[in-house]
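Here's the structure, in C-alpha cells; my notes come after.
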Amino acid sequence: MAGRFVRPLLLAAGAVLVGIGAIGVFVPLLPTTIFLILAAACFGRSSPGAYRWLTTNRAFGPMLRDYNEGRGATLRAKVTSIMALWLGLALAAWLVGNPWVGLALAGIGLAVTVHLLRLRTVRRPAA
C-alpha cells in the first residue's frame, strides 16, 4: 500500500529536481549535476521510462553517465556544486541559529566537498 503513494511522490520529486537542474544550466551559482543525480535516483525507483529519458537525454545524459560510470564531473559542475552547497548550508545555519545545527551542517558540507573534490575531473573537448 505504501508503494502506491511512494511511486507518485518519487516521480513528482524527480520532475521537480529536473526542473531545478535545468534552471541551474542558466543560473551560475545553482548546480545542475547534483539535482539531476537525485532526479535519476527518484526516477530509477519510480519510473523506468522517466529514468531512461533522463539518462539518454542529449542535454543531461552525458553528465549523468559520466558520474554513474565513475568518470567524474566537469570542473564547472564541481565548482558550482561546492559554492552552492556552502552558500546554502551557511544560509540554513544562519536561519536556524543553533550552533549545534551549524556544526552538523558544516560536517555534512565538509563530507560532500571532499566527495566532490575526489571525483575525477571530466574534460570535454571544445565544441
Side-chain angles (χ1 to χ4, degrees):
M1 179 112 134
R4 203 170 87 176
F5 297 106
V6 172
R7 225 179 129 190
L9 287 174
L10 285 172
L11 188 60
V16 168
L17 290 165
V18 168
I20 295 170
I23 292 168
V25 170
F26 304 103
V27 177
L29 289 179
L30 186 64
T32 299
T33 308
I34 190 66
F35 290 111
L36 296 177
I37 291 168
L38 292 170
C42 290
F43 286 159
R45 288 168 180 76
S46 64
S47 171
Y51 179 82
R52 188 173 32 263
W53 168 80
L54 184 61
T55 56
T56 60
N57 183 290
R58 188 174 64 163
F60 304 135
M63 75 176 72
L64 288 170
R65 283 191 301 276
D66 286 342
Y67 184 83
N68 282 339
E69 295 170 7
R71 284 192 292 264
T74 63
L75 182 60
R76 179 179 186 269
K78 288 173 147 185
V79 169
T80 56
S81 294
I82 291 170
M83 288 172 49
L85 168 74
W86 284 103
L87 185 66
L89 291 176
L91 179 62
W94 179 73
L95 289 173
V96 171
N98 182 321
W100 293 107
V101 171
L103 190 59
L105 290 174
I108 292 167
L110 184 60
V112 172
T113 299
V114 167
H115 170 71
L116 290 171
L117 291 174
R118 292 188 69 190
L119 290 175
R120 289 186 180 128
T121 300
V122 175
R123 304 204 190 289
R124 299 241 186 265

Measure across I82 and L117 and return the closest heavy-atom pair with its distance rounded to 0.1 Å. CD1-CD2, 3.7 Å
Donor-acceptor contact present, side-chain K78 to main-chain L119, <3.5 Å: yes
Gap separating the OG1 atom of T32 from the CG atom of L64, nearest 0.5 angstrom: 10.5 Å
Same apolar cluster: W53 and M63, side chain cutoff 4.5 Å: yes
Does L110 belong to the same Ile/Leu/Val/Met/Phe/Trp/Tyr cluster as V101, with side-chain heavy atoms less than 4.5 Å apart forming each link? no
Can you tell me if CZ on R65 sees more than 12 non-hydrogen neighbours from other groups inside 6.0 Å? yes
Give every residue pair that meets the side chain to side chain donor-acceptor pair (under 3.5 Å) criterion with at least one member in residues 82-94, sequence neighbours excluded. W86-T113
side-chain contact (heavy atoms from CB on, under 4.5 Å) between L54 and V18, intermediate numbers included: CA-CA 9 Å; L54 184 61; V18 168; 4.0 Å; yes
Heavy-atom count around R52 CZ within 6.0 Å, excluding the residue itself: above 12? no
Please answer: with hydrophobic residues joined when any side-chain heavy atoms are less than 4.5 Å apart, are L103 and I108 in the same cluster? no
Would you compute the distance between atom CG of L85 and atom CD1 of I34 and round it to the nearest 0.5 angstrom? 9.0 Å
Please tabulate, for the side chains in residues 37-48, all donor-acceptor contacts under 3.5 angstrom to protein atoms that are two or more places apart in sequence or on a different chain.
unit_1, atom_1, unit_2, atom_2, d
R45, NH1, A41, O, 3.1
S46, OG, C42, O, 2.9
S47, OG, A50, N, 3.1

All heavy atoms of V122 vs all of D66, minimum pair found to be CG1-OD2, 3.6 Å
Common cluster, L91/L87, ILVMFWY with side-chain heavy-atom separation under 4.5 Å: no
Residue pair A92 / L105: nearest heavy atoms and the distance that separates them: CB-CD1, 3.9 Å
